[in-house]
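The structure under discussion appears below in the form of structure tokens.
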Amino acid sequence: MPELPEVETVRRGLEPFMAGHIFTKVEQRRPNLRFPFPEGFVARLEGRRLTALGRRAKYLVGDLDDGTVLVMHLGMSGSFRIDYDGDASAPGVFHHDRSKSAAHDHVVFQMSNGARVTYNDPRRFGFMDLIARSDLSSHALFRDIGVEPLGNELDGKLIAAAFAGKKAPLKAALLDQTLIAGLGNIYVCEALHRAGLSPRRAAGTLAARKGLMLGKADLLAGTIREVLQEAVAAGGSSLRDHRQADGTLGYFQHSFRVYDREGEACPTPACMGVIQRLVQSGRSTFFCKVCQR
DNA sequence: AAGCGAACCTGGCTGC
DNA sequence: TGCAGCCAGGTTCGCT
């Protein structure tokens with residue numbers, strides 16, 4: 001499920017059940033996901049307290065009380081669910097999601113507060129790692145990651161500079177995690193439509209603001225921020241019944257303007273276009289060729 | 001060296 | 001009903 005809004009939604013769902021609590025038992029049911037689990041994964045977690053659960057790009061980043069960081073990536077199909085043995089009437093406690101096969105339950109975290117947190121991932125493109133907090137920013141996974149689109153750095157000037165000279169299409173440049181971190185196929189399509197920019201336009205053609213005149217790069221920075229904020233507020237998007245950690249469904253998919261809407265009328269006011277699908281670097285792009293130039 | 005397509009893996013849906 | 005083929009929210013590798 002995981003672009004930035006979905007990962008952030010997972011983070012918020014897990015935080016109250018995990019942060020501040022101790023891993024009393026960890027089950028690792030297979031030797032690898034996308035990559036092998038790190039040496040001693042279970043032993044290095046059991047008995048440790050998770051002091052905080054954060055997010056960087058599409059990574060969940062959990063600090064342990066010994067200076068280690070538990071890094072988790074959901075790949076394409078990873079999800080968490082929570083079973084809580086405590087007071088079932090407590091606020092924020094939800095039902096177990098039984099819609100997924102236990103055959104793909106790869107990791108189970110038993111926490112000291114009675115919460116059981118299960119990681120399920122049919123395609124196994126996700127992974128987990130343990131990295132010293134002091135090495136995190138220089139680690140290969142994080143070293144080259146670009147700006148957080150919901151942080152303060154993202155603006156038209158940054159986009160124009162990052163995309164300068166690029167002949168690759170905007171679609172590809174926006175998916176490049178070393179430039180802007182956290183966008184994926186859905187939100188790139190949505191941000192480009194809102195900005196009225198063609199996914200095929202060369203990335204290097206966006207200008208930043210000159211004086212009072214806003215450039216297309218400024219417009220795009222605004223729509224990226226806007227669509228991500230709206231999606232986070234909606235609890236992310238739930239395709240194929242993908243659920244939040246608490247078992248509830250995000251609902252931003254109902255707000256898609258173009259993604260997976262091939263053949264539908266373009267939602268731009270007064271636009272007579274029809275949403276088209278095309279393939280760019282092996283992925284589906286949805287856009288309106290009338291109002292996106 | 002940037003920019004593509006293929007690969008990783010499983011499951012769900014479509015169409016014959 | 002069965003099965004082949006295509007598609008899926010991500011990332012990395014290897015070939016122009």
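Chain identifiers are assigned alphabetically (A, B, ...) following the order of the sequence lines, protein sequences preceding nucleic acid strands; residue numbering begins at 1 within each chain. Nothing here was measured: the structure is a model prediction, and the numbers come from that model.
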Touch class at under 4.0 angstrom, heavy-atom based, for P5(A) against every strand present: nothing

Positive for side-chain contact (heavy atoms from CB on, under 4.5 Å) with L174(A), one of L197(A), N185(A), L179(A), I224(A): I224(A)

Sequence-aligned protein contact record of nucleotides 11-16 of chain C, with B where the base is within under 4.0 Å of a protein heavy atom and S where only the sugar-phosphate is: BS----

Bracket notation of DNA chain C in which parentheses pair within the strand, [ ] cross earlier pairs, and | pairs with another strand (Watson-Crick or G-U, under 3.5 Å): .|||||||.|||||||

E262(A) CD to dA8(C) C1', straight-line distance once rounded to whole Å: 15 Å

P spacing across the pair dC7(C) / dG5(B), given as an integer number of angstrom: 14 Å

P spacing across the pair dG5(C) / dA7(B), given as an integer number of angstrom: 16 Å

Length of the CG-C1' vector between L239(A) and dG11(B), whole Å: 15 Å

Single-linkage hydrophobic cluster, 4.5 Å side-chain cutoff, L220(A) and L150(A) together: yes

Within residues 128-152 of chain A or reaching into it, pairs that qualify as ring-ring contact (aromatic ring centres under 6.0 Å, His included) - sequence neighbours excluded: Y59(A)-F142(A)

Verify same cluster id: M111(A), V26(A) (apolar side-chain graph, 4.5 Å): yes

Spacing between I186(A) atom CD1 and dG10(C) atom P, to the nearest angstrom: 7 Å

Shortest side-chain distance from H104(A), nucleotide among dC9(B), dG9(C), dG11(B): dG11(B)

Audit row: R200(A), L278(A), side-chain contact (heavy atoms from CB on, under 4.5 Å) steps and yes/no: CA-CA 10 Å; R200(A) 297 194 274 208; L278(A) 74 107; 4.3 Å; yes

Protein-nucleotide distance (F286(A), atom CZ; dC7(C), atom C1'), rounded to Å: 10 Å

Rounded interatomic separation in angstrom, taking OH from Y187(A) and C1' from dG9(C): 8 Å

Atom-to-atom span, CZ of R200(A) to C1' of dG3(B) - whole angstrom: 17 Å

Atom P, compared across dG14(C) and dC9(B): separation rounded to whole Å: 15 Å

Same cluster (ILVMFWY, side-chain, under 4.5 Å), F37(A) and V69(A): no

Candidates R11(A), R133(A), R55(A), M72(A) - the one meeting side-chain contact (heavy atoms from CB on, under 4.5 Å) with V61(A): R133(A)

Whole angstrom value for the distance that separates C1' of dG12(B) from CZ of R123(A): 11 Å

Check against side-chain hydrogen bond (donor to acceptor under 3.5 Å, both in side chains), T223(A) and H193(A): CA-CA 9 Å; T223(A) 62; H193(A) 180 263; over 6 Å; no

Aromatic plane relationship, Y187(A) with F252(A) - under 30° parallel, 30 to 60° tilted, over 60° perpendicular: tilted

Whole-Å gap separating C1' (dC9(B)) and CG (L74(A)): 16 Å

